[in-house]
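Proteins get letters first, then strands, A, B, ... in listed order; numbering begins at 1 in each. Note that the structure is a prediction, hence the values are computed from the model and not measured.
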Amino acid sequence: MPSVTITLPDGKTLPFDNPPSGFDVASKIGPRLAKDALAVKVDGEVRDLHAPITHDAKVSIITYKMRDGTVDPDALLLLRHSAAHIMAEAIGNIVKGAQLVYGPPLPTGFYYDIKFPDDRPLSTNDFANIEAEMKRIVAEDRKFTRYECDAAAGMGKLKSEGNKYKVDNAERAIAASSPSALGTQTSALSFYATGEPGKNWEDLCRGPHVPSTGRVGAIKVLSLASSFWHGDENSDRLTRVYGTAFATQQELDEYLKQREEASARDHRVIGAKLKLFHIDEAVGQGLILWTPAGGVVRDQLQKFISEELVKQGYHQVFTPHIGRLELYKTSGHFPYYKESQFAPIIERDALAELSAQGCGCAEMMHRVEGVSARLASTINERTKKQTITPDRVLSDDKLIEGFMLKPMNCPHHIKIFASQQHSYRDLPVRLAEFGTVYRWEQSGELNGMTRVRGFTQDDAHLFCTPEQVAQEVQGCLSLVKIVLSTLNMNNYRVRVGLRDPDAKKFTGDPAQWDLAEAACRNAAKTLGVQFSEEPGEAAFYGPKIDFVVKDVIGREWQLGTVQVDYQLPLRFGLSYIGADNKPHTPVMIHRAPFGSMERFCGVLIEHFAGAFPTWLSPEQVRVLPISEKTNEYAHSVLTALKNAGVRATVDDGNDRVQGKIKAAAEMKIPYMLIVGPRDAEQGNVSLRVRGVEKDAGAMKLETFVESIKREIAERRADLSVKP
RNA sequence: GCCACUUUAGCUCAGCGGUAGAGCGACGCUUUCGUAAAGCGUAGGUCCAGGGUUCAAAUCCCUGAAGUGGCUCCA
């Protein structure tokens, strides 16, 4: 028998005469550890607690809680993977003929994709039954038993069960562990029985699992969703059942409470309560109506960024909401993103003429969507590549012209640049606009302000020489940094999106892409923030740098973006006269520090839970007279505030002051000024600061006005006014 | 777009075949008050829309719209 030496995390070694299991190792360390052990990590790989360790290895025992008292993320994943099996068995017991597909753990829980028989779909009404069944399985505390068969036997077993999804999983597993890939390893399939193989429920599974069902203390079925097999929308539709699990009921309860709290800061809920925006069915899905209060927030953000733009040498431009279809065929937006744009707007006369010719719908679409031969050859010549798809090229007399609701601002800005001749001395030219664009998002994607069909980008396009790219990109990045730090959004990461190495989803010369990607990478390096490079994440015309901001609940939002573009200047034939007196093609940089005003405000609402810094607050101060006796004084206070440019109101209703405070607190107003006879006599105001449970004390009205003016002017993120 | 669920007063929701309900808000009156809701009263509804079943539909069935959670997508 070979002896095995186990090295523990603290460096101690334990000799064993026979290959021990993780449980044996834990038992040798102590009975308490053996009791708590869920699995074992062998040379960094998580394995079943009872699997034999056949060679000398570094071993650590995985318990639910780590030494510092926090939950081990490995243990949680393990437990949730096991919980997914328990849920799958429970569902299988309740719904006959349910075919299991795939059930992985997630950072917050787990799901199982299941194909239900058509006559028996799952509904949320089944949750109670499923949970009861899961509890029964947990109470039985059955062992998770692993067994392996060779590929042929395993496949035979699965095929006899008639579940094509599991057969497919097995085929993938065999392919992934094929001898050619891993040398000597023979491909085998592993199964886990929840209890005894042959007697209890079992599933094809790589594992590992917790030792027994009883170790999963608390499971809850959370929601239903649909998914596609292999994520392919043309493939089978599956039902995805989400759940979560913890070792104890208390942790589950805490998690559910946390979820509730998260939904309480939902921008749609807060937006309605604070009357920040409205979406009206009659106006249309995904179209935001900014109400007066939300209008203040947006206006302040726009003023803020406009000030920065002046400092950085930008020019403000204004362009209309539509443009000729031809423009977007030139830019490439129309062919590339046809599916996610509103349909073209076609002139009445053109429609009537086609209709008179008996032109059918398909023919009409073809003649709208086609590209003229002249445009195709021009662009292909300029970009030295076949960028116009030949089957869409029609002779000019067959084309129908139309307009597009603009999906991007760049073509309009390009035309502004092209309207004048430029010398290299003029560059960079920086054109900025709060430009509203429209995109046809799928209805199921729409979500409050964060996913909409019409939105305003804080857009700008910079036209510069190749030598200026690096510096201009850095300028853009510093702008994004100013924006994020002013708003106290300091938890973000930076993603450099590079072209997909093997896909054809990019246009242009690879050498230019290399240049652009290098410029982005270098600029990201100078940021002093961690960044990741992600191939395949580029725009079709160039690489980009995205700022992904993490909000208070840990969700990530892609907000600011900077993109380098060598393609559009070529497609539009842009040029400037260089020092050599010859024309050169400029490089374009697209950038939007907020991204979209709608989405940014939505994220901002959730970030602050509606409690905006004073400079952004729709209502900055509310004056609360104690009774009608001080209404007059309250109004004089209001006048003083308004004269100082402070957004303020008076609550002169006949509520008691407690009621007025409650109402003002619910509207998340930064400062309340409570005024009674005592204050009126001395020209004072009694201050109450948002988030503070008690009176901050009295102060002179003039002092308050000066302090809040300073706080607003500095765009401070905190409430700084004190008596 | 796909799957599940939801849609009743301005808001949050109850009612689930037999007269349309509550709390908050709004409005009015009383109270004139010192730090997170004073008291009383009044108004407010095409029960999402259209069709069907029924003596009778907010309630059951069908179709559609919108919303929510996911899937897929996001220049």
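Atom P of nucleotide B:rC24 and atom CG of A:D655 are separated by 13 Å, given to the nearest angstrom. The interatomic distance linking A:W440 (CH2) with B:rC74 (C1') rounds to 13 Å, in whole Å. Rounded to whole Å, atom P of B:rG67 lies 10 Å from atom CG of A:L287. Counting to the nearest Å, the C1' atom of B:rU32 and the CG atom of A:L624 are 15 Å from each other. When the C1' atom of B:rA4 is taken as reference, atom CG of A:L222 falls 14 Å away, rounded to whole Å. Rounded to whole Å, the distance from NZ on A:K660 to P on B:rC33 is 12 Å.
If you check distances only, the side chain of A:S443 never reaches the base of B:rA66 with a donor-acceptor pair under 3.5 Å. In this model, no side-chain donor or acceptor of A:R240 finds a partner on the base of B:rC3 within 3.5 Å. Judged by distance alone with a 3.5 Å cut-off, a donor-acceptor contact links the side chain of A:R451 to the base of B:rC73. At a cut-off of 3.5 angstrom, counting only N and O atoms as typed in the model, there is a donor on one side and an acceptor on the other between the side-chain of A:K662 and the base of B:rA37. Between the base of B:rC71 and the side chain of A:E445 there is a donor-acceptor pair shorter than 3.5 Å. No hydrogens or angles were tested; on distance alone, a donor-acceptor pair under 3.5 Å links the side chain of A:N654 to the base of B:rU30. Applying the 3.5 Å distance criterion, the base of B:rG34 shares no donor-acceptor pair with the side chain of A:D695.
Searching all strands for a Watson-Crick or G-U wobble partner of B:rC73 with both distances below 3.5 Å returns nothing. If you check B:rA20 for Watson-Crick or wobble pairing at under 3.5 angstrom, you find it has no partner at all. The base-pairing partner of B:rU59, taking Watson-Crick or G-U wobble contacts with both distances under 3.5 Å, does not exist among the strands shown. Using Watson-Crick or G-U wobble geometry with both donor-acceptor distances under 3.5 Å, B:rA66 finds its partner in B:rU6. The partner of B:rG34 cannot be assigned: no Watson-Crick or G-U wobble pair with both contacts below 3.5 Å exists in any strand. B:rU42 is paired with B:rA26 under the Watson-Crick or G-U wobble criterion, all donor-acceptor distances under 3.5 Å.
With respect to the salt-bridge test (charged N to carboxylate O, under 4.0 angstrom), the residues A:E326 and A:K415 do not qualify. Using a 4.0 Å cut-off between a side-chain N of Lys or Arg and a carboxylate O of Asp or Glu, A:E537 and A:K544 do not qualify as a salt bridge.
Separation of the C1' atoms belonging to B:rA75 and B:rC16 is 48 Å when rounded to the nearest angstrom. Taking atom P on both nucleotides, B:rG15 is separated from B:rC48 by 15 Å, rounded to a whole Å. Taking atom P in both B:rC11 and B:rU19, one finds a spacing of 26 Å when rounded to whole Å. With both ends at atom P, the span from B:rC62 to B:rU53 equals 15 Å, rounded to whole Å. On the C1' atoms, B:rA43 is 31 Å away from B:rG50, given to the nearest whole Å. Distance check on atom C1': B:rC33 versus B:rU46 gives 45 Å, rounded to whole Å. Between B:rG21 and B:rG45, the distance separating the two P atoms is 14 Å to the nearest Å.
Side chains of A:S340 and A:E441: a donor-acceptor N/O pair is absent below 3.5 angstrom, by distance only.
Checking the phosphate oxygens (OP1, OP2) of B:rC73, no side-chain nitrogen or oxygen of A:Q442 falls inside 4.0 Å. Remark: A:R439 is not in phosphate contact with B:rA75, judged by side-chain N or O atoms under 4.0 Å from OP1 or OP2. A:Y242 has a side-chain polar atom (N or O) that falls below the 4.0 Å cut-off from OP1 or OP2 of B:rC71.
Listed nucleotides: B:rA75, B:rG34, B:rC33. Nearest to the side chain of A:R656: B:rC33. Across B:rG69, B:rA38, B:rU32, the shortest atom-to-atom separation from the side chain of A:Q658 is found for B:rA38. Nearest to the side-chain atoms of A:E441 among the listed nucleotides B:rC73, B:rA75, B:rU35 stands B:rC73. Distance from the side chain of A:R688 is smallest to B:rU35 among B:rU35, B:rA75, B:rG69.
The six-membered or imidazole ring of A:F334 lies away from that of A:Y328, with a centre-to-centre distance of 6.0 Å or more. In this structure, A:Y242 has its ring center at least 6.0 angstrom away from the ring center of A:Y112.
In this structure, A:R240 forms a cation-pi arrangement with A:Y111, its terminal cationic atom sitting closer than 6.0 Å to the ring centre and no more than 45° off the ring axis.
With A:E598 as the fixed residue, the side chain to side chain contact (heavy atoms under 4.5 Å, CB included) test singles out one of A:T436, A:L287, A:I288: A:I288.
Comparing A:R453 and A:E693 against RNA chain B, the residue whose closest nucleotide sits nearer the 5' end is A:R453. Between A:N447 and A:K629, the residue whose closest nucleotide on RNA chain B is further toward the 5' end is A:K629.
Of all heavy-atom pairs between A:T450 and A:R599, the closest is O-NE, 3.3 Å.
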